[in-house]
Amino acid sequence: MLSTMQDDVPLTISRILRHGTTVHGDARITTWTGDAEPHRTTFRATGERAAQLAHALRDELGVRPADRVATLMWNNSAHVEAYFAIPSMAAVLHTLNLRLPPEQLVFIANHAADRVILVNGTLLPLLAPLLPQLETVEDLVVVGPGDTSVLEGCAPRVHDYEQLLAGRPTSYEWPDIDERTAAAMCYTSGTTGDPKGVVYSHRSVYLHSMQVNMADSMGLTTADTTLPVVPMFHVNAWGLPHAVFMTGVGLLLPDRFLQPGPIAEMIAAERPTHAAAVPVIWQGLLGELAATPRDISSLKTVTIGGSACPPSMMRAFEELHGVRVCHAWGMTETSPLGSLAHPPGGLSPEDEWPYRVTQGRFPAGVEARLAAPGGGFAPWDGASPGELEVRGPWIADAYFGGVDEPPLRPAEKFSPDGWLRTGDVGVISPDGYLTLTDRAKDVIKSGGEWISSVDLENALMAHEALLEAAVVAVTDERWGERPLAAVVFKEGTEPVPYERLRAFLGETIARWQLPERWVTLPSVPKTSVGKFDKKVLRGQYAAGELEVTTL
Ligand code: AMP
């Protein structure tokens, strides 16, 4: 028996756009511009310019459904226009990660067969040298000021964004499309092997946006303004640009001003109530505020994810600045919202902490299981570890295989019965809280036991002299593997002897897990999206490039 409901109404991005530009037409998008007055616009005006962009792409550049239109852009209102115009006209938005090494950017743009690139003028020096290697790009659209002389003699046609939009109709007959159509694509940051493309559908974006808005996720309302510091090229800025068009939440966009100083200034001046970023950004902001106090009292909550958030940092934000941190877990393959650490109701603030420092609870749309090391699945007992596997309507089922190629389902990433193998190792409590202890490839296997690098890092980062700490496995003759602790001291702080750091760790960590190998670094190597790059660290160790002290 079939339902009597309108099940054929497709869940599309144009539907989100129509809603945002009408019901929430006056909601605001503010883009930081550095020293000048911020650029201000509304959802309504953004929708009109999205329509103009779609007309220009179709009529002037010849973009057809399914063509890939890439963006190499910062977080700004023009990027939001592209976010809605491109999928709504049935083309595919491909956000390029501007922090990737040049050869990876070239690989990605060619693999996705990008037809057009929208590029911020300030990023032309980065793009211009790559153009001779881009095989499929026919048109470049330059957004905002920049030195276009670097493009002289380049093969693609060059257009100015404002001239392209000028005078075009401010409405567009968005086509009715199947909700399973490709809407956007994003390549994984690729710490191993070639980056892999995840292709989001209209349906997955729509359902994920609803989840972002739920009270047990980010729970924002029209009274809020959110500051996505997380780049719009990193998993769609965690879905925030789409989600706010459903709810009328204001957007404050940092453009290219991502250093702690400008972030502190824009919070003080524009008074957002929520923000989202990876831990390194927040660590930097804490230091900045200690050196130069600013009023960040407008911020009620920040969502932190992308790598493990040190509990000491969560406490510092709350105790020093009254900002509540919500820890979250996700991946490019999970759109990214996978879990959020809201504590159960009815607890005292102190009793909430053990829940809040976990990676959080799964929302109803995300099913989870733990593949046990010896086969089968580990119980949700808060103690038995396994590799986390997930499935749900906004979880990847495969990677993009390339033009005219079938999707890729490598066995190490997808189980035979269709679950995503996350590569993250942890435990789940009986009430569904996930605690990650490692990446599967970062686990330290010492004498047949597992040591969690994350536990050691979190414990170290609670030391007042340390800015950063990363722990990796290194080969050890006797134990197979042992932890190597790489520490970064805060600027202007006297280095603390390793024996004292080890004793400090010993207060919370079992003796047999304490590292004997130590190294001090100016900073921990990071990936293009600001996570610790342990592969680089392991490589430096293997090449004998680190000055290691053994206790
Ligand atoms: P990406 O696809 O670049 O966003 O990377 C996803 C990976 O980041 C996950 O598989 C995790 O290893 C890591 N990650 C994301 N959020 C967290 C978190 N809250 N705690 C620990 N690791 C995280």
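Note that ligands are numbered from 1 as they come in the structure, with each ligand's atoms numbered from 1 the same way. Worth saying up front: this structure is predicted, and the values here are computed from it rather than measured.
- By the salt bridge (charged side-chain N to carboxylate O under 4.0 Å, His left out) test, E288 pairs with R294, sequence neighbours left out.
- The closest heavy-atom contact to atom 9 (C) of ligand 1, among the options V454, L420, D424, comes from D424.
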Apply ring pair (Phe, Tyr, Trp, His ring centres under 6.0 Å) to the pair Y206 and H202, showing each step before the final yes or no. CA-CA 6 Å; Y206 194 104; H202 284 258; 9.8 Å; no

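- Relative ring orientation between Y399 and F414 is described as perpendicular, the plane-to-plane angle rising above 60° on a 0-90° scale split at 30° and 60°.
- Ring planes of H111 and F107: parallel class, angle under 30° (limits at 30 and 60°).
- Residue contact check: H327 has heavy atoms under 4.0 Å from atoms 18 (C), 19 (N), 20 (N) of ligand 1.
- Under a cut-off of 6.0 angstrom, the local environment of CE in M210 is sparse, with at most 12 non-hydrogen atoms contributed by other residues, nucleotides or ligands.
- Classification of the W380-F362 ring pair by plane angle, with boundaries at 30° and 60°, yields tilted.
- Residue Q359 approaches ligand 1 through these ligand atoms, each under 4.0 Å from one of its heavy atoms: 18 (C), 19 (N), 20 (N), 21 (C).
- Look at G330 and you'll find a heavy atom under 4.0 Å from some atom of ligand 1.
- Near T332, the atoms of ligand 1 lying under 4.0 angstrom from a non-hydrogen atom of the residue are 1 (P), 2 (O), 3 (O), 4 (O).
- At least one N or O atom of G306 sits closer than 3.5 Å to an N or O atom of ligand 1.
- Screening residues 356-367 for side-chain hydrogen bond (donor to acceptor under 3.5 Å, both in side chains), with sequence neighbours left out, gives E318-R356, E367-R391.
- Under a 4.0 Å criterion applied to the non-hydrogen atoms of H234, ligand 1 contributes the atoms 1 (P), 3 (O), 4 (O).
- Some N or O of A308 is nearer than 3.5 Å to an N or O of ligand 1, by distance alone.
- Checked by distance only, ligand 1 and A328 come closer than 3.5 Å through their nitrogen or oxygen atoms.
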